Amino acid sequence: MDIRYKSTRSDLTITASQAILQGLSDDGGLFVPVQMPVLDIPLEELPKLSYQELAYEVMSRFLTDFTEEELKGCIEKAYDSKFDTAEIAPLKKADGAYYLELFHGSTIAFKDMALSILPHLMTTAAKKNREDQEIVILTATSGDTGKAAMAGFADVPGTRIVVFYPKDGVSKVQEKQMVTQRGENTCVIAIKGNFDDAQSAVKRMFNDDALKEEIGKKGFRFSSANSINIGRLVPQVVYYVYAYAQLVKSGEIKAGDKVNFTVPTGNFGNILAAYYAKQMGLPVNKLICASNTNKVLYDFFQTGDYDRKREFVLTSSPSMDILISSNLERLIYRICGNDADANRAFMEQLAKGGEYQISPEMKEQLTDFYGGFATEEENFAGIRKLYEDTGYVIDTHTGIANAVYREYVGKTGDHTPTVIASTASPFKFASSVVSAIAPDQMDGKDDFALIDLLSELSGVKEPYAITDIRTAPVRHDTVVEIPDMADAVLEFLNK
């Protein structure tokens, strides 16, 4: 089946490789498959496949204009020794739930799962489409995407990457990872604002015809590494299918049994990938969308009203501190009957007035999802209880999912086997994690002393990604105001 892609805001239809190369549609929409591919492999066959083999089976259903040789080459380069386990994404059972550890890549966060392969998909797409301009990856990050994207694109020929992050809006380890990033084609810029400010400004640059013309004359073109790029989203579908396969392989479920997925969510991309897995035919019961105190998605699932007009709260789960969940647009488009005009009207309402209200008929199509949220206190209490009961340590983003899942079971009595997406290593947020499991041992310790303590408490050796940044020199120290972001990009490209 030939799968083509169209914008959520028009009838523009293109190939998978063109969608990956472009990132964001010229009309501001996101690319979605015109029809959802089918996972036409017998479920009992899935456990026999390695992560790499399963990645090919899933991704080849979406990326139909890539040859087998091209796609397998991208997969082989992506899922290699940069991951510290041959399983790529191990599944650990603790206190009745299954934690899908998505943090075994080079930057110890789930973004590695897709951003390890995106550079290879993008450069392959460029060759397929005879693209002779240098690709400039332009992205905003709430903490993890930036580092993972730079690690993926660093020194990749024919590419440059510019990452914007909110100054004082990420953890100390996240910031240190970014500002020490190597690679002559990398640029990291802090902004005086929050993630939504950064993301909105990046979108404006994508839609700025004058800016695109200016960089085009210099031999550059913009593309995106955020989950608005379909080349980011498709690889994320893989690990949900892989988690299901591992449950079958271990005898925890039988092929055909349904599972739940609980996902800590900010920009909605990670849980949307789980939704796509269900749409492909994976037996999924509920998709539990876990929010932190910035609970714009929780409120949306409760009321059908998406309203970003609220206080922005900095929490201990900074990658979820988001009020504009860009990937939700792909779901809105689907539940409004793939009506680009209707979807565009919703997005215009959001841009101009800060909110939109879906119809009752659309809300009825959200039954796949359950929305929940956890406070800081509930998050820390859940992390501490899991550690005290099992010795298993999770980070503060996974902690949100853990707390929401426990609440979900209490409210619904649903004991369907549940996979919790564990999106970051606890070492990335050591200060918060230690304050949850051993607050009496904080004693004014700095971040790296807390990492040492966490290693001792958990019995887990610190990841190489942490060891590396202990002594790495700072290479990026630019801080700009929001209106100056485009000028900062031009300055980097003129070097």
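We're numbering straight along the sequence, starting at 1. No hydrogens, no waters, no symmetry mates; every other heavy atom, side chains included, goes into these values. Here the structure is a predicted model, which means the values were calculated and not measured.
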Quiz item: So among T265, T375, T315, which one has a side-chain hydrogen bond (donor to acceptor under 3.5 Å, both in side chains) with N292?
Solution: T315

Quiz item: Are side-chain N/O atoms of S432 and S316 paired as donor and acceptor at under 3.5 Å?
Solution: no

Quiz item: Charged N to carboxylate O below 4.0 Å: is that the case for D26 and K212?
Solution: yes

Quiz prompt | Of Y98, Y240, Y405, the residue whose pairing with F261 passes ring pair (Phe, Tyr, Trp, His ring centres under 6.0 Å) | solution = Y240

Quiz item: Do I466 and Q177 touch side chain to side chain, with heavy atoms closer than 4.5 Å?
Solution: no

Self-check item: Between D414 and Y408, a side-chain donor and acceptor under 3.5 Å
Solution: yes

Quiz item: Is N267 reaching over with its side chain to a backbone N or O of G269, donor-acceptor style, under 3.5 angstrom?
Solution: no

Quiz item: For the side chain of Q246 and the backbone of A243, is there at least one donor-acceptor N/O pair under 3.5 Å apart?
Solution: no

Quiz item: Is it true that E87 and K92 have a side-chain N and a carboxylate O under 4.0 angstrom from each other?
Solution: no

Practice problem: Indicate yes or no for a side-chain donor-acceptor contact from S458 to the backbone of L454 under 3.5 Å, with no hydrogens or angles considered. | Solution: yes

Quiz item: Quick one: do R9 and E329 make a salt bridge, cutoff under 4.0 Å?
Solution: yes

Quiz item: Do C187 and I161 have side chains that get closer than 4.5 Å, going by heavy atoms?
Solution: no

Self-check item: side-chain contact (heavy atoms from CB on, under 4.5 Å), paired with F222, selected from I135, I137, L24, L211
Solution: L211

Practice problem: Answer yes or no: is there a side-chain heavy-atom contact under 4.5 Å between I358 and Y306? | Solution: no

Practice problem: Would you check if there is a donor-acceptor pair between the side chains of S319 and K111 at a distance under 3.5 Å? | Solution: no

Practice problem: Show your working on side-chain contact (heavy atoms from CB on, under 4.5 Å) between L138 and F164 and close with a plain yes or no. | Solution: CA-CA 8 Å; L138 197 61; F164 292 98; 4.0 Å; yes

Quiz item: Does any N or O in the side chain of S223 come within less than 3.5 Å of the main-chain N or O of L21, such that one atom is a donor and the other an acceptor?
Solution: yes

Quiz prompt | N294 side chain to V313 backbone, donor-acceptor under 3.5 Å | solution = yes

Practice problem: Determine, stepwise, if the pair F110 / H397 fulfils ring pair (Phe, Tyr, Trp, His ring centres under 6.0 Å). | Solution: CA-CA 11 Å; F110 83 101; H397 301 76; 8.8 Å; no

Quiz item: Is there a donor-acceptor contact under 3.5 Å from the side chain of R308 to the main chain of L350?
Solution: yes

Quiz item: Atom SG in C289, atom CG in L328: separation rounded to 0.5 Å?
Solution: 8.5 Å

Quiz item: Does the side chain of N327 come under 3.5 Å of the side chain of R330 through a donor N or O and an acceptor N or O?
Solution: yes

Quiz item: Going through the checks in order, is the ring pair (Phe, Tyr, Trp, His ring centres under 6.0 Å) test met by F346 and Y356?
Solution: CA-CA 6 Å; F346 286 126; Y356 60 82; 5.4 Å; yes

Quiz item: In Å and rounded to the nearest 0.5 Å, what is the CD to CD distance from Q349 to Q357?
Solution: 9.5 Å

Exercise. Check whether any side-chain heavy atom of Y276 sits under 4.5 Å from a side-chain heavy atom of R334, and report yes or no.
Key: no

Quiz prompt | Criterion side-chain hydrogen bond (donor to acceptor under 3.5 Å, both in side chains) on D112 and Y79, from CA distance to verdict | solution = CA-CA 10 Å; D112 288 324; Y79 303 112; over 6 Å; no

Quiz item: Does a side-chain heavy-atom distance below 4.5 Å link F153 with L118?
Solution: yes

Practice problem: For the residue pair Q174 and K147, confirm or rule out a side-chain donor-acceptor distance under 3.5 Å. | Solution: no

Quiz item: Is E378 close to I400 at the side-chain level, that is, under 4.5 Å between some pair of heavy atoms?
Solution: no

Practice problem: Return the orientation label for the F369 and F268 ring planes: parallel under 30°, perpendicular over 60°, tilted otherwise. | Solution: tilted

Quiz item: Can you tell me if Y370 and N285 form a side-chain donor-acceptor pair at under 3.5 Å?
Solution: no

Practice problem: Please answer whether the main-chain N or O of G183 pairs with a side-chain N or O of T186 as donor and acceptor at a distance below 3.5 Å. | Solution: yes

Exercise. Just do the side-chain hydrogen bond (donor to acceptor under 3.5 Å, both in side chains) check on E175 and Y165 with the steps written out, would you?
Key: CA-CA 9 Å; E175 183 171 46; Y165 75 94; 2.6 Å; yes

Practice problem: Ignoring hydrogens and angles, state whether a donor on the side chain of D452 or S455 is under 3.5 Å from an acceptor on the partner side chain. | Solution: no

Quiz prompt | Between E376 and T293, a side-chain donor and acceptor under 3.5 Å | solution = no

Quiz prompt | Test: R310 and D299 ion pair at under 4.0 Å | solution = yes

Quiz item: Where the side chain of D196 meets the backbone of I322, is there a donor-acceptor pair that is under 3.5 Å apart?
Solution: no

Quiz item: Of the options L91, T262, I420, which is the one that meets Y99 in a side-chain contact (heavy atoms from CB on, under 4.5 Å)?
Solution: I420

